[in-house]
Amino acid sequence: MNKKILFFLFGIVFLGCQQNNPEEQLEHLTGYWEIDRVEVAEDSVINYKVNATVDYMEFDGNEGFRKKVKPQFDGSYKTSEDAEEISARIENDSLRLYYKTPFDEWMETVISAEEDKFSVLNRDGKIYYYTKFTSLLDEEEK
């Protein structure tokens with residue numbers, strides 16, 4: 001009986017470590033993302049039904065950038081040249097994203113990251129939940 005419990009607990013720990021591997025989390029972050037919701041306090045959540053802009057993130061190794069883009073009905077995106085530089089670092093077994101613009105610098109901690117969703121904790125204690133953006137054209141092709 002004790003062996004079964006020990007095996008079960010080992011399995012949970014093993015699966016938990018796999019899901020939160022910082023190197024694997026970074027692999028999932030390149031792409032188009034829209035904010036699903038923001039947890040501003042433990043009992044206060046802001047839900048986003050429609051987003052006029054989405055975030056495009058791209059990484060080459062540990063360096064990357066994030067841009068705000070506006071999806072168009074033809075499947076293209078309008079964007080400006082403004083981008084936030086991102087440096088990804090693994091610290092204390094967590095993936096941390098260090099952002100830099102000409103006006104500010106800040107850090108976010110990745111809580112989880114999968115192929116179709118991720119979440120980050122920002123410097124104000126807010127948790128942002130993102131989902132992979134799919135355009136209307138992507139939905140029509142399915």
Side-chain angles (χ1 to χ4, degrees), residues 3-142:
K3 287 183 181 180
K4 287 182 182 180
I5 293 173
L6 185 60
F7 183 74
F8 178 73
L9 291 174
F10 177 78
I12 289 174
V13 169
F14 180 74
L15 289 174
C17 291
Q18 277 188 324
Q19 290 177 333
N20 292 316
N21 181 337
E23 286 105 6
E24 289 179 15
Q25 289 177 336
L26 182 58
E27 293 174 10
H28 295 299
L29 294 182
T30 294
Y32 294 91
W33 298 96
E34 61 183 333
I35 297 173
D36 179 52
R37 66 189 186 281
V38 179
E39 191 175 300
V40 294
E42 189 173 313
D43 58 348
S44 180
V45 176
I46 300 169
N47 291 301
Y48 289 79
K49 302 282 187 222
V50 177
N51 293 298
T53 61
V54 297
D55 290 346
Y56 176 70
M57 297 174 73
E58 185 176 309
F59 286 89
D60 183 11
N62 290 336
E63 301 301 315
F65 66 90
R66 177 170 71 176
K67 284 186 167 199
K68 295 286 187 188
V69 298
K70 289 185 179 184
Q72 304 299 299
F73 288 111
D74 65 359
S76 64
Y77 298 90
K78 282 191 178 180
T79 184
S80 70
E81 293 302 314
D82 297 331
E84 300 164 348
E85 296 176 20
I86 307 173
S87 180
R89 297 184 209 150
I90 297 172
E91 299 172 342
N92 300 324
D93 295 327
S94 295
L95 179 60
R96 307 222 194 267
L97 304 176
Y98 289 87
Y99 295 87
K100 183 178 181 181
T101 70
F103 310 104
D104 198 6
E105 294 182 20
W106 67 98
M107 184 266 299
E108 293 178 336
T109 301
V110 176
I111 297 170
S112 69
E114 299 173 21
E115 185 177 327
D116 60 346
K117 62 184 176 180
F118 80 95
S119 58
V120 294
L121 174 67
N122 77 358
R123 63 184 171 189
D124 299 324
K126 297 176 184 174
I127 301 175
Y128 283 76
Y129 296 88
Y130 291 84
T131 57
K132 187 72 89 170
F133 175 75
T134 53
S135 71
L136 293 175
L137 293 178
D138 292 339
E139 293 297 321
E140 289 176 3
E141 292 175 1
K142 290 182 180 177

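Since this is a predicted model, take the numbers as computed values, not measurements. Index from 1, following the sequence.
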Q: Indicate whether any N or O donor in one side chain lies under 3.5 Å from an N or O acceptor in the other, for Tyr99 and Glu108.
A: yes
Q) With the threshold set at 4.0 Å, does a side-chain nitrogen-carboxylate oxygen contact exist between Glu84 and Arg66? A) yes
Q.
How long is the straight-line distance from OG1 of Thr131 back to CD of Glu114, given to the nearest 0.5 Å?
A. 12.0 Å
(Q) Are more than 12 heavy atoms, taken from residues, nucleotides or ligands other than Asp124, located less than 6.0 Å from that residue's CG atom? (A) yes
Q) Between Arg37 and Asn47, what is the shortest heavy-atom contact and its length? A) CB-OD1, 3.5 Å
(Q) Restricting to non-hydrogen atoms, name the atom on Glu63 and the atom on Ser87 that form the minimum distance, rounded to 0.1 Å. (A) OE2-OG, 3.2 Å
Q: Go through the steps to decide whether Tyr56 and Thr79 satisfy the test side-chain contact (heavy atoms from CB on, under 4.5 Å), and finish with yes or no.
A: CA-CA 10 Å; Tyr56 176 70; Thr79 184; over 6 Å; no
Q | Closest approach of Lys78 to Gln72 (non-hydrogen atoms, all atoms of both residues) | A | CG-NE2, 3.6 Å
Q: Would you name the heavy atoms of Arg123 and Glu105 that are closest together and state the gap between them?
A: NH1-O, 3.2 Å
Q: May I ask you to check whether over 12 heavy atoms, not counting those of Asp93, lie within 6.0 Å of atom CG?
A: no
**Q.** Over 12 foreign heavy atoms within 6.0 Å of NZ, Lys126
**A.** no
Q) Got Phe118 and Trp33 here, is their nearest side-chain heavy-atom distance under 4.5 Å? A) yes
Q. Phe133 and Pro71: which non-hydrogen atoms are nearest, and at how many Å?
A. CZ-CG, 3.5 Å
Q.
Quick check against the 3.5 Å criterion: does Asn122 have a side-chain atom that pairs as donor or acceptor with the backbone of Tyr128?
A. no
Q.
Nearest 0.5 angstrom please: Asn62 CG to Tyr98 OH, how far?
A. 12.5 Å
**Q.** Residue pair Tyr129 / Glu39, side-chain heavy-atom distance below 4.5 Å
**A.** yes
(Q) Just verifying a value: how many Å separate Lys117 NZ and Tyr130 OH, rounded to the nearest 0.5 Å? (A) 16.0 Å
Q | Check ion pair Lys68-Asp55 (N to O, under 4.0 angstrom) | A | yes
Q.
Donor-acceptor pair, distance only, cut-off 3.5 Å: does the side chain of Asn92 make one with the backbone of Ser94?
A. no
Q: Can you measure from CG (Asp82) to NZ (Lys67) and round to the nearest 0.5 angstrom?
A: 8.0 Å
Q) Is the closest side-chain heavy-atom distance between Thr30 and Met57 below 4.5 Å? A) no
Q) When rounded to the nearest 0.5 angstrom, what distance separates CG in Leu29 from CG in Leu97? A) 6.0 Å
Q) Once you round to the nearest 0.5 Å, how far does CG of Leu95 lie from OG1 of Thr109? A) 8.5 Å
